[in-house]
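To keep things clear, I will list the structure first and then write my remarks on it.
The chains referred to below are lettered A, B, ... by the order of the sequence lines, with proteins before strands, and numbering in each begins at 1. What you see below is based on every heavy atom in this structure, not just the backbone, and it leaves out hydrogens, waters and symmetry mates.
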Number of protein chains: 2
Amino acid sequence: MKGRRGFQQSAFTLTDVAREAGVSEITVSRVIRAKGAIAEETRRRVEAAIRKVGYVPNRIAGSLASAGSDLIGIIIPSLGNIVFPDVLRGLHDAISGRGFRAVVSVTDYRLDAERDLVRALLSWRPAALIVTGCEHEPDSRHMLAHAGLTVVEVMDIDGDPIDIAVGMSHARAGRETAAFLLGRGYRRFGYVGHDLERDLRARRRREAFLATIRQAGASLAGEVIVPGPSSVPAGRTALAALRDAHGGIDAVYFSNDDMAIGGVFHCMAAGIAVPASLAIAGFNGLDMGQALPQPLTTVLTRRYEIGRCAGQAVLDRFDGLAVPAATDVGFELLPGATA
Amino acid sequence: MKGRRGFQQSAFTLTDVAREAGVSEITVSRVIRAKGAIAEETRRRVEAAIRKVGYVPNRIAGSLASAGSDLIGIIIPSLGNIVFPDVLRGLHDAISGRGFRAVVSVTDYRLDAERDLVRALLSWRPAALIVTGCEHEPDSRHMLAHAGLTVVEVMDIDGDPIDIAVGMSHARAGRETAAFLLGRGYRRFGYVGHDLERDLRARRRREAFLATIRQAGASLAGEVIVPGPSSVPAGRTALAALRDAHGGIDAVYFSNDDMAIGGVFHCMAAGIAVPASLAIAGFNGLDMGQALPQPLTTVLTRRYEIGRCAGQAVLDRFDGLAVPAATDVGFELLPGATA
DNA sequence: TTGAAAGCGCTAACAT
DNA sequence: ATGTTAGCGCTTTCAA
């Protein structure tokens, strides 16, 4: 159980099993992969031998010999934002039944880190690579486009897919939220967001939101952008700051539900009537927001579905089926009760 | 970009790079791994050749030759419960800087699924395997104990570690929560939980909680256990059900913060004064609960820290350093304002 | 500082 | 139904 490097482990190989069972290696290999015809009696002997020596196949050797791994690389910006575990969950549910394994890497929203991870994961010759969003460094795009494997870009379909894209239009979500709030009669808007340099999808929602309210002759009366990642406490303090700095705002668009729920909590604590004095809208449709005494006005995103579709696309491609270049899983505006 | 099976990709090998640079394969290999002495001039030529052909190393071949991968297998019960992404985040932060990659698998809280995943991940000859909890099927334990690699059991230190355990005592957390509520004068308790057949740690907290209140002469006046996973909506409806069925309860222990926050929302919506009419306690110390108008009474768990320590243990073992068999990251009772 | 030879443990292709 | 042969692309000796 020591092993300075940690990996000599089960020293047994196919050869040992074959000797034990009195057959050739390839026969053992066939039994293990359930491939080719094997006599019932032989299979039993081989299986007994496998159990006897406690043989664990070596997929590194197997993958090298067969020129293919059952690994699927996935590169996401963060594990701290609940949306990515949700995507991962969907992906995992789709692929694990077929024996694929997810190798997970995190960029922390840095495209240069993404480039390095693309290279690192490609070196494992995965069956597919799943990346987040449609913005990548030219190097990344080039590697992905020429690696000769299935590439799925998830979350976002506002760009030009390298291979396959599965997601939704964040621009459209921003527009529709703006239209909804305008329709409810709000005119003096605030925005509360988190680090937009890095969260490119939140940025796109904000831009589309602003364009839409301006087109309608309404204005952005003020905004607060916190430097770090989104969180409930950040949303809570940011809304307090926004109200301190700017009067007369009647509706606030938050970069996502975490931030918006923080905003709702601030209003509860400060005795601000929602939506009478202030309307609040978020993005994602988290359970939590819908379980609030007043359900949050937000956009329900299908994160799990994105992961599941991405996984299915990988399987379909693997099976030689045609896969559309872009799949829009859509979204749903939840009117809620905070706007 | 097709590739029926998705993995012939960058057809270039070391041999191609070597030919291009006019050196032998091993020299290219040395340049790539920055191992052994290389003349400056040679290095430059090799690097140029690598860039020219767009060579991506094949770590499958490399791992086979060097008898070791830089993969770390991780097996968790779920991605739906925020605690596991948190652990994953800590693990990732610890290991990714050293070039290790996490291969993630999910058991859905089934120990038989865990067994299969242990076998599947061992077949990748990972540098280490990280599993959740201290309860495993005998087969799993046996494979893990004899695989000759670093094994870390995370979350829980209430058992007998296979190799290394990093976590906290859930029994102690249950006891201390009970002691805290007893100290505040509560005597008629309720419990609201989720699927305890599967979440063994939640079960252990509950048992320790019950033992403690009984020892103090208090009683469990009623409980509601919802069948599925924990969630805010589940906690909300379960508390409503508990209050319908049982009168006179003055404090409710929830299986975790998600459930407890749902309970708080129910009280808000139903006009139940917290903690005057009903006290609420959770487990995990999620941000969300602490950002509530009344911060939740709960136990702060160090999930990120567990992942980070587990990763560090793997690195230390890899570096030949001694690693303690059990690391207790501890927890902290947050008094909050709901009890 | 560089290279030649010999595998790592498995599977594809071709027998038998 | 089973076996033989020849690698997969790299790294580890061991030489030079």
Side-chain angles (χ1 to χ4, degrees), chain A residues 4-5 7-47 49-50 53-70 122-126 147-148, chain B residues 4-5 7-47 49-50 53-70 122-126 147-148:
Chain A
R4 172 99 179 51
R5 310 197 53 203
F7 32 58
Q8 59 281 55
Q9 60 207 87
S10 155
F12 292 108
T13 70
L14 263 195
T15 317
D16 301 307
V17 177
R19 185 180 312 118
E20 180 69 34
V23 296
S24 71
E25 304 179 25
I26 188 68
T27 300
V28 178
S29 173
R30 284 181 181 128
V31 169
I32 286 170
R33 290 174 300 145
K35 200 175 179 186
I38 301 286
E40 204 31 53
E41 145 71 3
T42 310
R43 149 171 295 109
R44 241 190 303 280
R45 277 222 315 288
V46 169
E47 279 166 353
I50 288 174
V53 306
Y55 172 68
V56 177
N58 183 332
R59 287 208 52 78
I60 292 182
S63 296
L64 181 59
S66 66
S69 85
D70 54 13
L122 282 179
S123 77
W124 279 104
R125 298 299 186 263
Chain B
R4 172 97 179 52
R5 311 196 55 203
F7 33 57
Q8 59 283 56
Q9 59 206 91
S10 156
F12 293 108
T13 71
L14 263 195
T15 316
D16 301 307
V17 177
R19 186 181 310 117
E20 180 69 33
V23 297
S24 71
E25 303 178 25
I26 185 64
T27 300
V28 178
S29 173
R30 285 181 180 126
V31 169
I32 286 170
R33 290 174 300 143
K35 201 176 179 186
I38 300 287
E40 205 30 54
E41 146 71 4
T42 310
R43 151 172 294 110
R44 240 189 305 279
R45 277 221 315 288
V46 169
E47 279 167 353
I50 289 175
V53 305
Y55 172 67
V56 177
N58 183 333
R59 286 207 54 77
I60 292 182
S63 297
L64 180 59
S66 66
S69 85
D70 54 13
L122 283 179
S123 77
W124 279 104
R125 298 299 187 264

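Legend: salt bridge (Lys or Arg N to Asp or Glu O under 4.0 Å) pairs involving residues 53-68 of chain B, not counting sequence neighbours, sorted by first then second residue: B/Arg59-B/Asp70.
The shortest distance between the side-chain N/O atoms of B/Ser24 and the OP1/OP2 oxygens of C/dT2 is not below 4.0 Å. Taking side-chain N and O atoms only, A/Tyr55 has no distance below 4.0 Å to OP1 or OP2 of C/dG9. For C/dT11, one of the phosphate oxygens OP1 or OP2 lies less than 4.0 angstrom from a side-chain nitrogen or oxygen of A/Ser29. For C/dT2, the OP1/OP2 oxygens have no side-chain nitrogen or oxygen of B/Thr27 closer than 4.0 Å.
Residues meeting the side chain to side chain contact (heavy atoms under 4.5 Å, CB included) test with A/Ser29, sequence neighbours left out: A/Leu14, A/Ile26, A/Arg33. Under the side chain to side chain contact (heavy atoms under 4.5 Å, CB included) criterion, B/Ala21 pairs with B/Val23, B/Val46, B/Ala49, not counting sequence neighbours. By the side chain to side chain contact (heavy atoms under 4.5 Å, CB included) test, B/Glu41 is found to be paired with B/Arg45, residues two or more places apart in sequence or in another chain being considered. By the side chain to side chain contact (heavy atoms under 4.5 Å, CB included) test, B/Arg43 pairs with B/Ile38, B/Glu40, B/Glu47, sequence neighbours left out. Partners of B/Thr27 according to the side chain to side chain donor-acceptor pair (under 3.5 Å) rule, which considers only residues two or more places apart in sequence or in another chain, are B/Ser24. For B/Glu20, the salt bridge (Lys or Arg N to Asp or Glu O under 4.0 Å) partners two or more places apart in sequence, or in a different chain, are B/Lys52.
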Could you go over nucleotides 13-16 of chain C and give all protein N or O partners under 3.5 Å, atom names and distances?
none

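Distance, A/Ile60 CD1 to D/dT11 C1': 13 Å, rounded to whole Å. Rounding to whole angstrom units, CG of residue B/Asn58 and P of C/dC8 are separated by 18 Å. What separates CZ of B/Arg59 from P of D/dT11 is a distance of 8 Å, to the nearest Å. A straight line from CG of A/Leu64 to C1' of C/dG7 spans 12 Å, rounded to a whole angstrom.
With rounding to the nearest 0.5 Å, the separation of CG in B/Asp16 from CD1 in B/Ile50 is 12.0 Å. With rounding to the nearest 0.5 Å, the separation of CZ in A/Arg19 from CD in A/Glu25 is 9.0 Å.
Within a heavy-atom distance below 4.0 Å of DNA chain C, no residue of residues 14-21 of chain B is found. Across residues 31-44 of chain B, B/Arg33, B/Lys35 each have a non-hydrogen atom less than 4.0 Å from an atom of DNA chain D (numbered order).
Counting all heavy atoms, side chain and backbone alike, B/Ser69 lies closest to B/Pro126 at OG-CA, 3.5 Å. Scanning both residues, B/Trp124 and A/Ile60, for their nearest heavy atoms gives O-CD1, 3.4 Å.
Distances were taken from every side-chain heavy atom of A/Glu25 (C-beta onward) to each of D/dG3, C/dT11, C/dA4; the shortest belongs to C/dT11.
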